[in-house]
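Worksheet: the structure to be examined is printed underneath.
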Amino acid sequence: MEIREVKFIKSFVEYEKEMSPLFDENAKQKILFLGRSNVGKSSMINSLMGKKELAFSGAKAGKTRTINIFEVNKKYECLDFPGYWYSIGNKKDKVNLRDMVLAYLEQNYKKNIKAVLIVDGSIWPTVLDEEIYGYLHEKWVDVQVVLNKVDKVNQKELEQIKIKTMSTLMNAHIILYSCKNTKFRVNALKEIFN
Ligand code: GDP
């Protein structure tokens with residue numbers, strides 16, 4: 001797939017208040033970008049879309065953690081959720097972030113939704129990754145797992161991480177990515193926007 005147009009639509013601080021009216025019945029395919037903080041979610045979105053500042057890193061202290069919505073090729077509605085289970089935030093924040101995703105899935109149940117779960121491909125999948133995947137799986141959401149940062153490991157390590165990821169995340173469909181190497185981009189676009 002070729003990216004022809006990326007249009008920033010809106011940011012939301014909280015899920016419940018304002019988001020629902022956005023969802024029209026001519027349903028564009030919705031693609032949720034999820035991942036723990038610091039897995040490179042913002043870097044990956046920017047690299048994938050060929051835009052420098054479409055997504056903002058949630059890891060920086062003081063940045064508001066918002067859900068950012070942008071439209072791709074007038075056909076896809078992408079939702080960039082805050083770093084899931086934010087690693088620095090307090091307990092209250094963590095629960096809120098989880099609730100945002102759950103509320104979204106509840107209210108858009110069986111709509112045209114796909115989730116892109118970005119995990120750090122240079123380490124084993126964590127318990128949190130497993131937990132996020134479990135939630136999505138429970139809701140029957142089609143999940144595309146992206147192992148980002150694969151430039152940080154050698155081939156042998158990568159094979160082990162892939163095997164471990166597939167066993168931890170119930171034979172998830174996995175693709176590889178690196179924001180430091182453009183060779184992964186074409187395949188990632190094809191798999192995510194299919
Ligand atoms: P987010 O919190 O998930 O949005 O993560 P960021 O996009 O802010 O990235 C966190 C850190 O990982 C930054 O220092 C990025 O430069 C780095 N990073 C992101 N993607 C890659 C990658 O593919 N390879 C490497 N080596 N570093 C990456």
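When a ligand or atom number is given, it counts from 1 through the structure's own listing order.
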Donor-acceptor pair, [X] side chain versus [Y] backbone, under 3.5 Å?
{"X": "Asp120", "Y": "Pro125", "result": "no"}
{"X": "Glu157", "Y": "Asn154", "result": "yes"}
{"X": "Asn73", "Y": "Lys75", "result": "no"}
{"X": "Asn46", "Y": "Lys52", "result": "yes"}

Review point. Is it true that Lys156 and Glu159 make a salt bridge, defined as a side-chain N closer than 4.0 Å to a carboxylate O?
Key: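 Glu159 and Lys156: not salt-bridged.
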Part of [X] within contact of ligand 1 (heavy atoms, under 4.0 Å):
{"X": "Lys152", "answer": "side chain"}
{"X": "Val150", "answer": "neither"}
{"X": "Asn148", "answer": "side chain"}

[X] heavy atoms, cut-off 4.0 Å: which ligand 1 atoms fall inside?
{"X": "Lys180", "result": "24 (N), 25 (C), 26 (N), 27 (N)"}
{"X": "Ser43", "result": "6 (P), 7 (O), 9 (O), 15 (C), 19 (C), 20 (N)"}
{"X": "Asp151", "result": "22 (C), 23 (O), 24 (N), 25 (C), 26 (N)"}
{"X": "Ser178", "result": "23 (O)"}

Review point. Can you find an N/O atom of Lys149 closer than 3.5 Å to an N/O atom of ligand 1?
Key: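 Yes: some nitrogen or oxygen of Lys149 is under 3.5 Å from one in ligand 1.
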Exercise for review: Select the closest option to atom 5 (O) of ligand 1 among Ser37, Gly35, Gly40, judged by heavy-atom distance.
Suggested key: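 Heavy atom nearest to atom 5 (O) of ligand 1 belongs to Gly40.
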Review point. For the salt bridge (charged side-chain N to carboxylate O under 4.0 Å, His left out) test, which of Lys10, Lys41, Lys30 pairs with Asp80?
Key: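 Testing each of Lys10, Lys41, Lys30 against Asp80, the sole residue satisfying salt bridge (charged side-chain N to carboxylate O under 4.0 Å, His left out) is Lys41.
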**Study point:** Ile31 side chain reached by Phe193 side chain, heavy atoms, under 4.5 Å
**Key:**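 Phe193 vs Ile31: side chains touch.
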